[in-house]
Amino acid sequence: MAAVISTVGMTHALAECEIADAKLEEAIQENPRFRGPANSQSVRDLRSLRDAAFTLRSYGRHEDCERLLANIRELIAGPPMGSLGDNDEEQADIQNSAREPKVRRGAAAGNRGKKDAKPLIRIDQLTPGLRTDEMIGAEVRSSDDKIVGEVRNIVFGTKDGRDYAIIASGGFFTTGKDSIVVPIRSLQVTQDRSSFFLPIAKDVMRTVPVMPDQDYNWLSDQAWRTQNDALFEQP
């Protein structure tokens with residue numbers, strides 16, 4: 001019986017998905033193919049796959065996790081990742097659209113009007129502070145509690161000290177291709193940190209310019225940022 005229990009225990013241990021076995025960070029440090037700005041997207045993609053493996057592991061999907069790790073190993077050992085895939089732009093647009101939020105115009109209001117609704121908190125008053133993984137993917141609402149979209153990216157460390165949340169929406173903006181740029185200091189958050197709120201109502205949203213380019217060249221356009229940021233200043 002002891003031998004049987006021991007064998008079962010070993011089988012379970014062997015079934016555990018070990019993320020470290022992919023040796024991704026070691027490859028990023030040691031392999032010239034993954035160093036330098038030209039290869040930064042490949043590194044981000046590999047880390048995204050690793051994060052997905054962590055998610056599968058956390059739900060006990062160890063076999064699926066191992067299959068994903070096998071793919072990561074193949075990508076590390078194979079040809080340059082930029083040479084893989086196809087160049088069908090139409091198909092690429094279709095696939096990319098599946099990643100974007102599908103927030104519908106006129107989405108249902110939240111619960112800010114309820115008697116027991118707790119006050120919103122300013123970002124700089126949170127204790128402890130926010131982690132980026134608490135912001136990415138979080139829903140964003142207007143001041144009148146209508147869904148605007150979700151946080152898709154964060155920009156930190158500009159020379160003038162302005163940090164930004166990039167918010168994509170299918171409600172008032174074209175899904176995926178258009179986003180708005182919101183100063184993080186202008187956001188408020190619910191006490192359970194599940195929703196962020198803009199200081200403007202939905203009818204004002206139509207006056208907010210969309211992010212002018214997907215390469216973030218707007219970060220160097222001081223005039224555009226100043227005009228954009230003024231729309232979100234607290235009254």
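Along the sequence shown, residues are numbered consecutively beginning with 1. Quantities reported herein were computed from a predicted structural model and do not represent experimental measurements.
- Between Arg73 and Lys23, the closest side-chain pair of non-hydrogen atoms is not below 4.5 Å.
- Considering only heavy atoms from C-beta on, Arg47 comes within 4.5 Å of Glu25 through its side chain.
- Using modelled atom types, no side-chain atom of Glu150 and backbone atom of Ile136 make a donor-acceptor pair closer than 3.5 Å.
- In this structure, the side chains of Ile184 and Phe156 come closer than 4.5 Å at one or more pairs of heavy atoms.
- Ser143 contributes a side-chain N or O that, together with a main-chain N or O of Ile200, makes up a donor-acceptor pair within less than 3.5 Å.
- The side-chain heavy atoms of Pro209 and Leu231, taken from C-beta on, include a pair separated by under 4.5 Å.
- Judged by distance alone, with hydrogens and angles left aside, the side-chain atoms of Asp215 form no donor-acceptor pair with the main-chain N or O of Asn217 at under 3.5 Å.
- Here the side chains of Ile167 and Phe196 are not in contact, with every heavy-atom distance at 4.5 Å or above.
- The closest side-chain heavy-atom distance from Leu187 to Phe232 is not below 4.5 Å.
- At a threshold of 4.0 Å, the pair Arg185-Asp163 does not count as salt-bridged, since none of the basic side-chain nitrogens sits closer than that to a carboxylate oxygen.
- Put simply, the side chain of Leu68 reaches to within 4.5 Å of the side chain of Leu56, judged on heavy atoms.
- When atom types are taken as modelled, the side chain of His62 and the backbone of Glu16 share no donor-acceptor pair closer than 3.5 angstrom.
- Rounded to the nearest 0.5 angstrom, Glu66 CD and Asn71 CG are separated by 11.0 Å.
- At least one donor-acceptor pair under 3.5 Å links the side chain of Glu134 to the backbone N or O of Arg131.
- Two different hydrophobic clusters hold Val151 and Leu120 under the rule that ILVMFWY side chains link at heavy-atom gaps under 4.5 Å.
- No donor-acceptor pair under 3.5 Å is formed between the side chain of Ser179 and the backbone N or O of Met211.
- Side chain of Thr190 to main chain of Ser195: a donor-acceptor pair is present (N/O by atom type, distance under 3.5 Å, no hydrogens or angles).
- The backbone N or O of Lys202 lies less than 3.5 Å from a partner atom in the side chain of Asp144, making a donor-acceptor pair.
- Checked by atom type and distance alone, the side chain of Arg141 never pairs as donor or acceptor with a backbone atom of Leu198 at under 3.5 Å.
- Counting non-hydrogen atoms of other residues, nucleotides and ligands closer than 6.0 Å to CZ of Arg162 gives a total above 12.
- Note that the CG atom of Asp229 and the OG atom of Ser186 stand 7.0 Å from one another [nearest 0.5 Å].
- Tracing side-chain contacts under 4.5 Å through hydrophobic residues (I, L, V, M, F, W, Y), one never reaches Phe197 starting from Val204; they form parts of separate clusters.
- Between the side chains of Tyr164 and Asn228, no donor-acceptor pair is found at a separation under 3.5 Å.
- Separation of atoms CZ (Arg44) and CG (Leu46) is listed at 11.5 Å; rounding is to 0.5 Å.
- Looking only at side-chain heavy atoms (C-beta outward), Leu130 and Arg193 come within less than 4.5 Å of each other.
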